Amino acid sequence: MSAALARFDARVAARRGACRLAGVDEVGRGCLAGPVVVAAVILPAGLRLPGVDDSKRLTRRQRETAFGVIRAAAVCWAAVAVAASEVDARNVLGATLSGMRRAVARLRVPPDLVLVDGPYLPEGLPAPGIAIVRGDGRSQAIAAASILAKVARDRLMRAWHRRYPVYGFASNVGYPTPHHLQALARAGACPLHRRSFAPVRSVCAQLPLAL
């Protein structure tokens with residue numbers, strides 16, 4: 001699979017005359033708690049990274065290994081954590097697109113072309129962009145960004161678990177698992193929870209904020 005992903009990027013870069021192609025992806029849109037994390041990465045042209053695939057297809061150990069490989073090989077990369085408060089203020093799509101734009105802007109080397117996972121391109125990108133539906137399964141650069149974003153976000157949520165252990169963030173990383181929903185109903189929401197999401201909104205109407 002990794003060879004096919006690399007070939008896809010090579011074809012796109014050749015068609016568009018791009019030397020520095022950036023892949024962008026996000027993790028955490030469907031979570032009840034924690035940030036949306038967006039990563040952008042530029043890989044050396046022509047590089048094929050074994051083991052790089054859509055992060056959802058990899059085990060935790062495989063993602064951690066690939067995370068190190070990608071960081072070592074990348075021309076540059078950046079990650080942005082869009083806080084739950086911004087998700088509530090903008091809505092999750094608006095917050096995600098804002099995070100994508102900021103992640104690309106933080107790349108130390110400017111890209112010639114940006115490949116974004118999903119059907120929407122953020123406004124204000126510093127280079128031309130292409131939105132690719134299911135891009136994390138088609139493009140090596142996007143797959144690499146998905147791994148960077150997933151590992152970075154999971155590490156954040158495991159760190160937050162130490163402060164809010166009741167919700168099980170170390171295992172559910174903020175997704176609405178049965179245990180998480182039960183803890184939310186019992187203990188109320190913490191500052192990491194997204195108030196605009198229905199399960200949290202209904203709990204906040206009944207229980208005080210868990211500090």
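Just so you know, these numbers come straight off a predicted model, no measurement behind them.
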Note to self: Given 3.5 Å as the limit, does a donor-acceptor pair link the side chain of R101 with the main chain of P122, or not?
What the structure shows: no

Item checked: Full working for side-chain contact (heavy atoms from CB on, under 4.5 Å) between R102 and V82 -> CA-CA 10 Å; R102 282 142 56 188; V82 184; 4.3 Å; yes

Margin query: If you apply the rule side-chain contact (heavy atoms from CB on, under 4.5 Å), what do you find for V52 with V69, and how did you get there?
Written below: CA-CA 9 Å; V52 170; V69 170; 5.5 Å; no

Notebook entry, point to check: Same cluster for I142 and V109 if Ile/Leu/Val/Met/Phe/Trp/Tyr side chains link at under 4.5 Å?
Noted result: no

Item checked: Verdict with reasoning, Q62 to T65, per side-chain contact (heavy atoms from CB on, under 4.5 Å) -> CA-CA 5 Å; Q62 288 171 329; T65 299; 5.8 Å; no

Next item on the list: Following the transitive rule for hydrophobic clusters with a side-chain heavy-atom cut-off under 4.5 Å over Ile, Leu, Val, Met, Phe, Trp and Tyr, establish whether V151 and L156 coincide in one cluster.
Entry: no

Margin query: Quick check on R155: does its CZ atom have over 12 non-hydrogen neighbours (other residues, nucleotides or ligands) under 6.0 Å away?
Written below: yes

Check: Can you tell me how far CG of L115 sits from CG of D9, rounded to the nearest 0.5 angstrom?
Finding: 6.0 Å

Note to self: Quick check: do S85 and R195 have side-chain heavy atoms less than 4.5 Å from each other?
What the structure shows: no

Next item on the list: Find out whether L97 and Y120 are in side-chain contact, i.e. whether some heavy atom of one side chain is under 4.5 Å from a heavy atom of the other.
Entry: yes

Margin query: Please report the interatomic distance CG(N172) to CE(M157), rounded to the nearest 0.5 Å.
Written below: 7.0 Å

Notebook entry, point to check: When clusters are formed by joining ILVMFWY residues with side-chain heavy atoms under 4.5 Å apart, either directly or through shared neighbours, do I132 and L43 land in the same one?
Noted result: no

Notebook entry, point to check: In terms of hydrophobic clustering (I, L, V, M, F, W, Y; side-chain heavy atoms under 4.5 Å; direct or indirect links), are V104 and V38 co-clustered?
Noted result: yes

Next item on the list: Apply the test side-chain contact (heavy atoms from CB on, under 4.5 Å) to residues L192 and F169: give CA-CA distance (whole Å), side-chain angles for both, the deciding distance (0.1 Å), then the verdict.
Entry: CA-CA 10 Å; L192 294 178; F169 291 151; 3.8 Å; yes

Notebook entry, point to check: Does the salt bridge (charged side-chain N to carboxylate O under 4.0 Å, His left out) test come out yes or no for D154 and R60, once each step is laid out?
Noted result: CA-CA 10 Å; D154 284 0; R60 175 176 168 181; over 6 Å; no

Next item on the list: Give a yes or no on this: more than 12 heavy atoms of other residues, nucleotides or ligands lie within 6.0 Å of atom CZ of R134.
Entry: no

Check: Which atom pair, heavy atoms only, marks the closest approach of A22 to A141?
Finding: C-CB, 4.4 Å

Next item on the list: Verify, without hydrogens or angle tests, whether D112 (side chain) and G17 (backbone) share a donor-acceptor contact under 3.5 angstrom.
Entry: no

Item checked: Side chain proximity check, Y175 to L32, heavy atoms < 4.5 angstrom -> no

Next item on the list: Output yes when a side-chain donor or acceptor of D25 lies under 3.5 Å from a complementary backbone atom of A145, and no otherwise.
Entry: no

Margin query: Using side-chain heavy atoms (C-beta onward) and a distance below 4.5 Å, is K56 in contact with D136?
Written below: yes

Margin query: Closer than 3.5 angstrom, by distance alone: can the side chain of Q140 be matched with the main-chain N or O of L47 as a donor-acceptor pair?
Written below: yes

Next item on the list: First locate atom CZ of R186, then atom CG of L181, and finally report the distance between them rounded to the nearest 0.5 Å.
Entry: 11.5 Å

Note to self: Rounded to the nearest 0.5 Å, what separates atom OH in Y167 from atom NE2 in H179?
What the structure shows: 11.0 Å

Margin query: Quick check for you: to the nearest 0.5 Å, what is the distance between R15 atom CZ and I130 atom CD1?
Written below: 7.0 Å

Item checked: Salt-bridge contact R194-D88 (side-chain N to carboxylate O under 4.0 Å) -> no

Margin query: Closer than 3.5 angstrom, by distance alone: can the side chain of R108 be matched with the main-chain N or O of V75 as a donor-acceptor pair?
Written below: yes

Next item on the list: Take the angle between the ring planes of H193 and H180 and call it parallel below 30°, perpendicular above 60°, tilted in between.
Entry: tilted

Notebook entry, point to check: In terms of hydrophobic clusters joined by side-chain contacts under 4.5 Å, are I42 and F8 together?
Noted result: no

Note to self: Quick check: closest heavy atoms across D117 and G135, and the distance to 0.1 Å?
What the structure shows: OD1-N, 2.7 Å

Note to self: Could you check whether any side-chain N or O of D54 sits under 3.5 Å from a backbone N or O of R57, counting only pairs where one atom can act as donor and the other as acceptor?
What the structure shows: no

Checklist line | Main-chain N/O of A143 paired to S146 side chain as donor or acceptor, under 3.5 Å | finding: yes

Check: Got a second to check how far L49's CG is from L5's CG, nearest 0.5 Å?
Finding: 10.0 Å

Checklist line | Chi angles and distances behind the salt bridge (charged side-chain N to carboxylate O under 4.0 Å, His left out) call for R153, E26 | finding: CA-CA 10 Å; R153 188 180 187 280; E26 55 72 30; over 6 Å; no

Notebook entry, point to check: Do L125 and M100 have side chains that get closer than 4.5 Å, going by heavy atoms?
Noted result: no

Checklist line | Expected output: side-chain S202 to main-chain P199 donor-acceptor under 3.5 Å | finding: yes

